[in-house]
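Okay, structure first, notes after.
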Amino acid sequence: MKFLPTLLGLAGLARLGAATFQPSGVPFLSPVTVAAGFSASVAFSNLTAPRGIAFDAEENLLVVERGYGVTAFTRVTSPIPGFERTLVVKNPDLTHGIQVDGKILYVSTAKAVIAYEYDSSTKSVSAPPYIVVDGLPADGVLMTHTLLLEKDSSGVTTALLVGAGPLTNIDLTARDPASGRSQIRRMVFPPIAPPIFPPPALPWANGEVVAYGIRNPAGFADGVDLTVPPIATRVLYVVENGASINSVKGITPLFANDNPSDELEFVRYPTSSPSTIAPDSYGYPDCTSLWNGDADPAGVPQYVGFPRGSQISLNLDALHDASWCKDPANNQPPSLNFQAHSAPLDIKFYNPGNITVTSFPSTLSGDAFVSFHGSFDRTPPTGYGVVHVPFPLGASSGSQPYSFIVQATDLRSCPGKCIRPVGLAFGKDGRLYVSSDTSGELFVIENGHGID
Ligand SMILES: *[C@@H]1O[C@H](CO)[C@@H](O)[C@H](O)[C@H]1NC(C)=O
Ligand SMILES: *[C@@H]1O[C@H](CO)[C@@H](O)[C@H](O)[C@H]1NC(C)=O
């Protein structure tokens, strides 16, 4: 036993020594097309399914490498420009979600939210994790649990928003907010930290339902005006992945190739706790949005000529019919429709601090950026990129309400080695950092002109 401290010391040294370096200029695994005014470059290659990303207090980018753990990426400018990758913690159970709050690193597994005590100066954790939220439904088809910290106007963390996906592709149990499926819950932290550490886990069952009927709430961002006091109601933007409807009665494969839309939901929720206002439903599993009503005029004639975004019923039973779906009391319509099968996974707003030559132009201030993981069941493929959505989101839904800033060049070769964007994070340098899981890449989008 007397050797234990020495062994731990060596383990610590080994961990600190584990940094690897990748110089700038390594090409994308598969070519990308970048919109005029931007440039995109690979920061690091050969990661293990990188998913959620978040910056720490010292501007290291922390990445959940699914099945591996959390790694930190630090920009190096000399002697050779590039990025350094450091293993922060090994944990093969991590799936997706990540948030950093000073010295606390929150990450999600299929069944829990856990936290590590984290030191951004050494890029390391100091102890085993503790459970923050337990009892998450872990048996669903999607095991990702997206996380977002909620802070009050003075910057104090008040709650953690946690997403949950469905049990099955079309999950009838998700009609009931008590199911814990296809919804976002607000886990409220006690106003005064309990005297014991670690604090007791918050049971998922006690979380406040903020919104439900959102099949896969994959990415959320709070609105730009959230921290303006008083905060009685907050707004949250949520990107949702629609169901595959190939097997729904009356739907043809040709129609399902172009429907339903993936969605951007605008969620309002009160912060009084406990809330006395019932949460809104966004319609899943019964209601969905049309992307292209004319996709199969012979096979599915009933939606020909319907405008994009029309709320339709999948007619899973007699009660939840077309008129039921048109009532916002049952089904809040989306604020923006994304092309069917885009698979949006994250949304981030650009709120520049100090504009530098690499920063996105200040004219894009307040606009949103959304990652599209890309289709797995559409011919030809779509998505595989990052889009710009001007603020206010969805206002110009008549014309093209969003446009690609980066996209895989040859969509016909996707997924293959194409980028599959997942997590997004803006650095203080005004660059947009993007994880791409199946290509194992972390890449950076910046101002291609080098001017504002
Ligand atoms: C990634 O891994 C492959 C296979 O091991 C290797 O050929 C390639 O050089 C690596 N790329 C980088 C940038 O290290
Ligand atoms: C902007 O620059 C000032 C002065 O260098 C610095 O104190 C501040 O933290 C910077 N703000 C951001 C958001 O980076």
Side-chain angles (χ1 to χ4, degrees), residues 13-34 38-56 58-96 98 122-124 345-346 358 371-374 376 381 383-386 404-427 429 431-448:
L13 284 176
R15 189 178 55 207
L16 288 175
T20 50
F21 176 78
Q22 180 166 314
S24 302
V26 171
F28 280 92
L29 216 49
S30 179
V32 298
T33 300
V34 185
F38 295 96
S39 75
S41 57
V42 173
F44 227 94
S45 313
N46 286 340
L47 308 185
T48 306
R51 298 284 299 188
I53 65 177
F55 279 99
D56 71 13
E58 306 210 17
E59 216 52 11
N60 304 299
L61 185 60
L62 303 188
V63 175
V64 171
E65 296 194 37
R66 182 186 281 183
Y68 180 57
V70 177
T71 46
F73 294 83
T74 308
R75 184 180 285 277
V76 174
T77 50
S78 69
I80 305 168
F83 279 84
E84 197 178 79
R85 173 178 182 252
T86 309
L87 176 62
V88 174
V89 64
K90 263 196 180 172
N91 185 341
D93 296 337
L94 305 184
T95 54
H96 182 86
I98 183 167
T122 56
K123 295 180 265 187
S124 64
L345 290 188
D346 202 359
T358 55
S371 59
F372 282 179
H373 198 229
F376 65 91
Y384 301 95
V386 176
F404 280 91
I405 57 168
V406 173
Q407 191 176 30
T409 302
D410 182 9
L411 288 172
R412 289 163 307 166
S413 72
C414 300
K417 294 176 173 177
C418 295
I419 53 165
R420 293 204 88 178
V422 182
L424 301 176
F426 273 102
D429 54 12
R431 295 174 167 113
L432 180 58
Y433 294 75
V434 187
S435 65
S436 165
D437 60 1
T438 54
S439 73
E441 292 166 310
L442 183 67
F443 64 94
V444 189
I445 310 171
E446 61 186 48
N447 192 327

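Start at 1 with the first residue, then count along the sequence. Note that ligands are numbered from 1 as they come in the structure, with each ligand's atoms numbered from 1 the same way.
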Every pair of nitrogen or oxygen atoms between ligand 1 and the protein that is under 3.5 angstrom apart - can you list them with their distances to 0.1 Å?
residue	atom	partner	partner atom	Å
ligand 1	2 (O)	N46	OD1	3.2
ligand 1	2 (O)	N46	ND2	2.2
ligand 1	11 (N)	N46	ND2	3.0

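- With hydrogens and angles disregarded, a donor-acceptor distance shorter than 3.5 Å links the side chain of S371 to the backbone of D346.
- Under the ring pair (Phe, Tyr, Trp, His ring centres under 6.0 Å) rule, F44 has a single partner from F83, F73, F28, which is F73.
- Annotation: the span from N447 atom CG to R431 atom CZ amounts to 10.0 Å, rounded to 0.5 Å.
- Looking at L47 and Y68, their side chains never come closer than 4.5 Å, going by heavy atoms from C-beta outward.
- Remark: side-chain polar atoms of E441 are paired, donor with acceptor, to backbone N or O of L29 under 3.5 angstrom.
- Residues R51 and D437 are paired through a salt bridge, judged by an N-O separation under 4.0 Å between the basic side chain and the carboxylate.
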